[in-house]
Amino acid sequence: QVQYVEYGGGSVQPGGSLRLSCVVSGFRIQYYNVGWFRQAPGKPREEVSCIGNSEDNTERMTYYDDAVRGRFTISRDDAKNTVFLQMNTLKPEDTAVYYCTVTHGWSKQQCRRREYGFGSWGQGTQVTVSS
């Protein structure tokens, strides 16, 4: 059974940092592109960042939405089947529930969830940025 377990969120002041983790079970992520998405209250879920995979030698390739580029860093540890999102210089507009999932690719155009065969969204982890 495919599962995504996200954690590491919390409440921080503007300018603070958090490191999110997503532990995946049910398959080996080394073969797949993965990404982080977020959903703020009253808004649709949106892509945050995606990363390539070692099987097609794109594990160093990343994409970041304009809103987070330069502040967030995505990474992966295939041995631990885990994806990370380091978030620095957090802003109130970063407040959202954050999710990870398998994506079609790592580029802007392909940083979209692969809907079939890779389970449902996890429960996500809440990030709140407020003074």
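Values below: all heavy atoms of this structure, side chains included; hydrogens, waters and symmetry mates excluded.
Residues that satisfy the salt bridge (Lys or Arg N to Asp or Glu O under 4.0 Å) test with R19, not counting sequence neighbours, are absent from this structure. Partners of R45 according to the salt bridge (Lys or Arg N to Asp or Glu O under 4.0 Å) rule, which considers only residues two or more places apart in sequence or in another chain, do not exist here.
By the criterion of side-chain heavy atoms lying less than 4.5 angstrom apart, applied directly or through intervening Ile, Leu, Val, Met, Phe, Trp or Tyr residues, I51 is grouped together with Y32 in one hydrophobic cluster. Neither Y31 nor W106 shares a network with the other; the hydrophobic side chains, linked directly or stepwise wherever heavy atoms of I, L, V, M, F, W or Y lie under 4.5 Å apart, form separate groups for each. Linking ILVMFWY side-chain heavy atoms closer than 4.5 Å, directly or via other members, places V83 and F72 in a single hydrophobic cluster. Linking ILVMFWY residues whenever their side-chain heavy atoms come closer than 4.5 Å, directly or via other members, leaves F37 and L90 in distinct clusters.
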Query raised in the report: Between N57 and E59, does a side-chain hydrogen bond (donor to acceptor under 3.5 Å, both in side chains) hold up when you go through it step by step?
Result: CA-CA 6 Å; N57 296 315; E59 67 272 23; over 6 Å; no
Report task. Test V34 against R76 for side chain to side chain contact (heavy atoms under 4.5 Å, CB included), laying out the working first. Result -> CA-CA 9 Å; V34 290; R76 58 191 296 161; 3.8 Å; yes
Report task. Given side chain to side chain contact (heavy atoms under 4.5 Å, CB included), test S17 with Q86 step by step and report yes or no. Result -> CA-CA 8 Å; S17 297; Q86 177 66 45; 4.1 Å; yes
**Report entry** Full working for side-chain hydrogen bond (donor to acceptor under 3.5 Å, both in side chains) between D56 and N53
**Finding:** CA-CA 6 Å; D56 57 13; N53 70 87; 3.2 Å; yes
Query - Working for side chain to side chain contact (heavy atoms under 4.5 Å, CB included), residues R113 and W121 - result: CA-CA 10 Å; R113 177 183 173 227; W121 293 102; 3.3 Å; yes
Query raised in the report: So V12 and M87, side chain to side chain contact (heavy atoms under 4.5 Å, CB included) or not? Walk me through it.
Result: CA-CA 11 Å; V12 297; M87 306 188 298; over 6 Å; no
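Applying the 6.0 Å contact sphere to CZ of R60 captures no more than 12 heavy atoms from other residues, nucleotides or ligands.
Put simply, the side chain of D94 never gets that close to the backbone of V127: no donor and acceptor are under 3.5 Å apart. A distance-only check finds a donor-acceptor pair linking the side chain of R71 to the backbone of A67 [under 3.5 Å]. In this structure, the side chain of Y64 engages the main chain of I74 through a donor-acceptor pair within 3.5 Å. For the pair R38 (side chain) and T95 (backbone), a donor-acceptor distance under 3.5 Å is absent. Formation of a donor-acceptor pair under 3.5 Å by the E6 side chain with backbone atoms of C100 is found in this model. Looking at N81, its side chain does come within 3.5 Å of a backbone N or O of V24 through a donor-acceptor pair.
To the nearest 0.5 Å, atoms OG1 (T101) and CG (N33) are separated by 11.5 Å. Taken to the nearest 0.5 Å, the OH atom of Y99 stands 12.0 Å off from the SG atom of C22. Separating the SG atom in C50 from the NE2 atom in H104 is a distance of 10.0 Å, to the nearest 0.5 Å. Note: W36 CH2 to E47 CD = 15.0 Å, rounded to the nearest 0.5 Å.
In terms of heavy-atom proximity, Q109 sits nearest to R112 at O-NE, 3.2 Å. Residues I29 and T82 approach most closely at CD1-N, 3.7 Å, considering heavy atoms. Contact detail for L85 and S49: the closest heavy-atom pair is CD1-CB, 4.4 Å. Shortest non-hydrogen contact noted between A96 and A40 is CB-N, 3.8 Å.
Under a 4.0 Å N-O distance rule, the pair K80/D78 does not qualify as a salt bridge.
Outside the 6.0 Å centre-distance limit, the rings of Y4 and F118 are not counted as a close aromatic pair.
Contact of the Q3 side chain with the S25 side chain is registered, since non-hydrogen atoms from C-beta on lie closer than 4.5 Å. Contact annotation: the side chain of Y7 approaches that of V23 to within less than 4.5 Å [non-hydrogen atoms, C-beta and beyond].
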